[in-house]
Amino acid sequence: MTTELVLFNTLGRKLEPFRSQVPGEARIYTCGPTVYNEVHIGNLRTFAFQDLLRRSLRHLGYRVVQAMNLTDVDDKTIQGAHQAGVSLAEYTEPFIRTFLRDLETLHVERVEHFPKATEHIPPMIRLIETLVAKGYAYVSDGSVFFSIAKDPDYGRLSGFDLDQARRGERVAADEYGKEDVRDFVLWKAVKPGEPAWDSPWGSGRPGWHVECSAMSMEILGETFDLHCGGVDLIFPHHENEIAQSESATGKPFVRTWLHSEHLLVDGQKMSKSLGNQYTLPDLLARGLSARALRYLFLSVHYRQKLNFTFESLDGAAGALRRVDEMRFRLLHAEEKGAPDPHLAEAADRLRRDFAAGLADDLNVAVALAAVFAFVKEVNVAIEEGRIGQGDKPRVVDTLADVDRVLGVLDAMAWDTGAGEDDSAEIERLIKERNDARQRRDFAASDRIRGELAARGIALEDTPQGTRWKRK
RNA sequence: GGCGACGUAGCCAAGUGGUAAGGCGAGGGUCUGCAAAACCCUUAUUCAGCGGUUCGAAUCCGCUCGUCGCCUCCA
């Protein structure tokens, strides 16, 4: 597939053809969570987008190398650990575990690297040393600050005029010593009781922004292809990353910046005070499906706010049901005669339209419309008895191809697989029921149908016979 | 106050100059012993409102109304 990928680069705010630095290879850095609490569905929306990105790149022919950091040292993790009376690592470990579990539940692929900030302190120190040596940073009371005034390009990503934006802002208590309120901290001098590492400026810990710069360049190189995060990270986090990295290396840091919009709940920003801050386990506990949530995430363009409602999640579940039903009917359809040329055409059209949708700045809505057009064609073919030799695997393989990107169409992959195999007994009961129907003993047949329904087995009588499925 | 995004049918959502994709829901039909399920068909003369540009606008421009975001930790 040689479809050219176009992406919206926040740096420059326009659509651009994507060109990787190394042909055929995409190197991606994504800002992961700060592991001080459980992630909510808003966070997960962003990670689902990043998963879509990496899968799409692969679909369009790229090899992907991706790193996602885990920020396990910052004000919040330190405070949390202190309040819980445990070490930093003891405090963050469970949140890392549940984060990775949530990703797995949503079928978000493991990325190649999950660097933890606490395990990469030396490269951060080296980066800061370089900045100090080059005059971009200065030391003050054991802390190190980046000097915005030394970086004429500062503000390029966010488009903010810092002269206007941050004058008169209050300086945080632990950041006295700045020469300019707009400067940001690279290294924070230790405070009593806090975890700390040795450095040329004394004991302390890295600032948040420097973590990502150091780790991304360490793993992916001084210039890499894609850097993603939520829109809230554009300023100041990503702006600062650019300033640090490019000042240190003199090279472009990231070629393309991608930012995903936020998720809203009932039209409002999630917040603890509104009580609308859901986690994935919250939704699962309500009996809602992670698969439907993934579909919902995928169905809204990443640069569009996603308004989460239970109704929209129902809609997502309904859409998946339609795909599942088609596969179910296909499974029971009989292949006879020559392959249907219409189906082959439909399959080609799906592959083409699907790839074209993805290539257009990851327009999944268009890609999904192609899937549903295909579903309809297959349904009609089944209805008209046009399923020929080899058509079933053709349909299944085509869906499997697009599902390598979507990761949501194959119900079997999401099945919890619980329960013993009692299908032989079910088949026996169905036969018994159909015998009763033959004798027009409807009381008996309805009784069996009721029994099966009570066990969660739904029957469908069709002209080709009775088929069943678990509800 | 500065910067920005958005407003398309009951709901979700594509489309950014050539005459409204798709999904859910709803209505009708087919099938059925009856059902259920499923499938098929139908479902926006119209894109927040008002002006303007144009042969032509949901798409471009202006104004108004509304929603949301960033500017401080934040996906």
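Here is the naming used below: chain letters follow the sequence lines, and residue numbers restart at 1 for every chain.
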Asker: Expressed in whole Å, how much space separates the P atoms belonging to B/C47 and B/A37?
Answerer: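 B/C47 and B/A37 have their P atoms separated by 36 Å.
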Asker: In whole angstrom, give the distance that lies between atom CG of A/Leu263 and atom P of B/C6.
Answerer: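 Answer to the nearest Å: 18 Å.
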Asker: For A/Phe310 and B/G10, give me the distance from atom CZ to atom P, rounded to whole Å.
Answerer: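 In whole Å, B/G10 P lies 24 Å from A/Phe310 CZ.
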Asker: Does the side chain of A/Arg303 come under 3.5 Å of the side chain of A/Ser260 through a donor N or O and an acceptor N or O?
Answerer: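 Note: A/Arg303 and A/Ser260 side chains miss the donor-acceptor criterion.
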Asker: Can you find a donor-acceptor N/O pair under 3.5 angstrom joining the side chain of A/Arg449 to the base of B/A36?
Answerer: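 Check fails, no donor-acceptor contact within cut-off.
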Asker: Relative to each other, are the rings of A/Phe308 and A/Phe310 parallel, tilted or perpendicular (30° and 60° limits)?
Answerer: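 The arrangement is perpendicular - the two ring planes meet at more than 60°.
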Asker: Which whole number of Å gives the distance between the P atom of B/U8 and that of B/G2?
Answerer: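 One P to the other, the span is 27 Å.
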Asker: Below 30° counts as parallel, above 60° as perpendicular, anything between as tilted: where do the rings of A/Phe99 and A/Phe114 land?
Answerer: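 Ring orientation, 0 to 90° scale: perpendicular.
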Asker: Rounded to whole Å, how long is the line connecting atom CZ of A/Arg303 with atom P of B/C6?
Answerer: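 My rounded result for the distance is 9 Å.
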Asker: Scan for ring-ring contact (aromatic ring centres under 6.0 Å, His included) pairs involving residues 345-366 of chain A, sequence neighbours excluded, and state none if there are none.
Answerer: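 For residues 345-366 of chain A, and leaving out neighbouring residues, the ring-ring contact (aromatic ring centres under 6.0 Å, His included) pairs sorted by first residue read A/His59-A/Phe354.
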Asker: Looking at A/His332, A/Glu427, A/Glu460, which one forms a side-chain contact (heavy atoms from CB on, under 4.5 Å) with A/Trp468?
Answerer: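 When A/His332, A/Glu427, A/Glu460 are each tested with A/Trp468, the side-chain contact (heavy atoms from CB on, under 4.5 Å) holds only for A/Glu427.
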Asker: Would you classify A/Leu44 as touching base, sugar-phosphate or nothing, given that sugar-phosphate means primed atoms plus P, OP1 and OP2, and contacts are heavy atoms under 4.0 Å?
Answerer: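 The answer is nothing, as A/Leu44 stays clear of every strand by at least 4.0 Å.
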Asker: Judged by atom type as modelled, is there a donor-acceptor pair below 3.5 Å linking the side chain of A/Arg439 to the main-chain atoms of A/Asn434?
Answerer: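 Not at all, since once roles are kept as given, no pair shorter than 3.5 Å links the two residues.
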Asker: Identify, with sequence neighbours excluded, every residue that meets side-chain hydrogen bond (donor to acceptor under 3.5 Å, both in side chains) alongside A/Ser312.
Answerer: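 Only A/Thr309 meet the side-chain hydrogen bond (donor to acceptor under 3.5 Å, both in side chains) criterion with A/Ser312.
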Asker: Does a side-chain N or O from A/Asn307 land closer than 4.0 Å to OP1 or OP2 of B/C6, or not?
Answerer: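 For A/Asn307, the contact criterion (side-chain N or O under 4.0 Å from OP1 or OP2 of B/C6) is not met.
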Asker: With a 3.5 angstrom cut-off on both distances, give the Watson-Crick or G-U wobble partner of B/C47, or none if there isn't one.
Answerer: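 Paired with B/C47, as far as the under-3.5 Å criterion goes, is no nucleotide at all.
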Asker: Using Watson-Crick or G-U wobble geometry with both distances under 3.5 Å, which nucleotide pairs with B/G1?
Answerer: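 Paired with B/G1, as far as the under-3.5 Å criterion goes, is B/C71.
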Asker: Could you check whether A/Gly229 gets within reach of a base, just the sugar-phosphate, or nothing at all, counting any heavy atom under 4.0 Å?
Answerer: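 Sugar-phosphate: the residue A/Gly229, judged by heavy atoms under 4.0 Å, touches backbone atoms but no base.
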Asker: Please measure how far the P atom in B/U46 lies from the corresponding atom in B/G4, and state the result in whole Å.
Answerer: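 Pairwise P distance, B/U46 against B/G4, rounds to 34 Å.
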Asker: When you compare B/C73 with B/A5, how far apart are their P atoms, in angstrom units rounded to a whole number?
Answerer: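 Looking at atom P only, B/C73 and B/A5 are 24 Å apart.
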Asker: Thinking salt bridges, do A/Arg394 and A/Asp348 make one under a 4.0 Å N-O criterion?
Answerer: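 Answer for the salt bridge query: no.
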Asker: Is B/A37 paired to anything, Watson-Crick or G-U wobble with both distances less than 3.5 Å, and if yes, which nucleotide?
Answerer: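 In the structure as shown, B/A37 has no Watson-Crick or wobble partner.
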Asker: Answer with base, sugar-phosphate or nothing: what part of the nucleic acid does A/Ile234 contact at a heavy-atom distance below 4.0 Å?
Answerer: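 Since no nucleic acid heavy atom lies under 4.0 Å of A/Ile234, the category is nothing.
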Asker: Please work out if A/Ser445 contacts a base, only the sugar-phosphate, or nothing of the nucleic acid, heavy-atom cut-off 4.0 Å.
Answerer: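 Result for A/Ser445 = base.
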Asker: Rounded to whole angstrom, note down the P distance from B/G22 over to B/C68.
Answerer: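 The same atom, P, in both gives a distance of 31 Å.
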Asker: Less than 3.5 Å between a donor and an acceptor, one on the side chain of A/Asn379 and one on the base of B/A38, is that the case here?
Answerer: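 Answer is no: no donor-acceptor pair is held.
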Asker: Have a look at A/Gln66 and tell me which of A/Arg110, A/Arg27, A/Glu112 forms a side-chain contact (heavy atoms from CB on, under 4.5 Å) with it.
Answerer: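 Answer after filtering A/Arg110, A/Arg27, A/Glu112: A/Glu112.
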Asker: Can you list the residues that meet the side-chain hydrogen bond (donor to acceptor under 3.5 Å, both in side chains) rule with A/Ser445, with sequence neighbours excluded?
Answerer: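 With sequence neighbours excluded, A/Ser445 shows a side-chain hydrogen bond (donor to acceptor under 3.5 Å, both in side chains) to no residue whatsoever.
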Asker: Find the partner of B/U16: check Watson-Crick (N1-N3 plus N6-O4 or O6-N4) and G-U wobble (N1-O2, O6-N3) distances, both under 3.5 Å, and reply none if neither fits.
Answerer: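 Partner of B/U16: none.
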Asker: Taking any heavy-atom pair under 4.0 Å as a contact, classify A/Arg433: base, sugar-phosphate, or nothing.
Answerer: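 Since a base atom lies under 4.0 Å of A/Arg433, the category is base.
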Asker: Take atom C1' in B/C39 and the same atom in B/A44, then report the distance between them in whole Å.
Answerer: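 It comes out at 25 Å once rounded to the nearest Å.
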Asker: In this structure, how many angstroms lie between the P atom of B/A5 and the NE2 atom of A/His301, rounded?
Answerer: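 Taking NE2 of A/His301 and P of B/A5, I get 14 Å after rounding.
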Asker: With sugar-phosphate meaning primed atoms plus P, OP1 and OP2, does A/Asp446 contact a base, only sugar-phosphate, or nothing at under 4.0 Å between heavy atoms?
Answerer: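 The residue A/Asp446 makes base contact.
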Asker: Using atom P of each nucleotide, how far apart are B/G25 and B/G18 to the nearest Å?
Answerer: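 Straight-line distance between the two P atoms is 33 Å.
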Asker: Using the aromatic ring of A/Phe442 (for Trp, its six-membered ring), decide whether it stacks on the base of B/G33 within the limits of 5.5 Å and 30°.
Answerer: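 Stack criterion met.
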Asker: Does the side chain of A/Arg467 come within less than 4.5 Å of A/Arg329's, by heavy atoms?
Answerer: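 Sidechains of A/Arg467 and A/Arg329: in contact.
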Asker: Please state how far atom CG in A/Asp353 lies from atom P in B/G15, giving the value in whole angstrom units.
Answerer: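 Answer to the nearest Å: 14 Å.
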Asker: Let me know the distance between NE2 of A/His238 and C1' of B/C74, rounded to the nearest Å.
Answerer: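 Nearest whole value for this atom pair: 12 Å.
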Asker: Name the pairs: protein N/O against N/O of nucleotides 21-30 of chain B, kept only if under 3.5 Å.
Answerer:
none

Asker: Can a cation-pi geometry be assigned to A/Lys469 and A/Phe328, taking NZ or CZ under 6.0 Å from the six-membered ring centre and within 45° of the ring axis?
Answerer: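 Geometry flag: set, cation within 6.0 Å and 45°.
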Asker: Polar-atom pairs under 3.5 Å, protein N or O versus N or O of nucleotides 67-70 of chain B: list them with distances, or write none.
Answerer:
residue	atom	partner	partner atom	Å
B/C70	OP1	A/Lys269	NZ	2.6

Asker: Checking base pairs now: Watson-Crick or wobble, both atom distances under 3.5 Å. What partners B/G7?
Answerer: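 Across any shown strand, B/G7 pairs with B/C65.
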Asker: May I have the distance from A/Tyr302 (atom OH) to B/A5 (atom P), rounded to whole angstrom?
Answerer: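 Computing the A/Tyr302:OH to B/A5:P distance gives 15 Å.
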Asker: Both distances below 3.5 Å, Watson-Crick or wobble geometry, any strand: find the nucleotide opposite B/G56.
Answerer: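 Per the H-bond distance test, none.
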Asker: Return the pairing partner of B/C31 with a 3.5 Å limit on both distances, Watson-Crick or G-U wobble; otherwise return none.
Answerer: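 Matched B/C31 with nothing under the 3.5 Å cut-off.
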Asker: When you compare B/U59 with B/G52, how far apart are their P atoms, in angstrom units rounded to a whole number?
Answerer: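 My reading of the P atoms in B/U59 and B/G52 gives 14 Å.
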Asker: List the residues meeting side-chain hydrogen bond (donor to acceptor under 3.5 Å, both in side chains) with A/Asp314, not counting sequence neighbours, and say none if there are none.
Answerer: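 With sequence neighbours excluded, A/Asp314 shows a side-chain hydrogen bond (donor to acceptor under 3.5 Å, both in side chains) to no residue whatsoever.
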Asker: A/Gln304 has a side chain; which of B/A14, B/A37, B/A36 sits nearest to it?
Answerer: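 Among the listed nucleotides, the one closest to the side chain of A/Gln304 is B/A14.
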Asker: To the nearest Å, how far apart are A/Asp360 CG and B/U16 C1'?
Answerer: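 After rounding, the gap between these two atoms is 11 Å.
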Asker: Report the residue (A/Glu377 or A/Arg440) whose heavy-atom-nearest nucleotide on RNA chain B is the more 5′ of the two.
Answerer: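 Mapping each residue to its closest nucleotide by heavy atoms, the 5'-most match is A/Arg440.
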Asker: So what does A/Glu460 touch, heavy atoms closer than 4.0 Å: a base, only the sugar-phosphate, or nothing?
Answerer: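 The residue A/Glu460 makes base contact.
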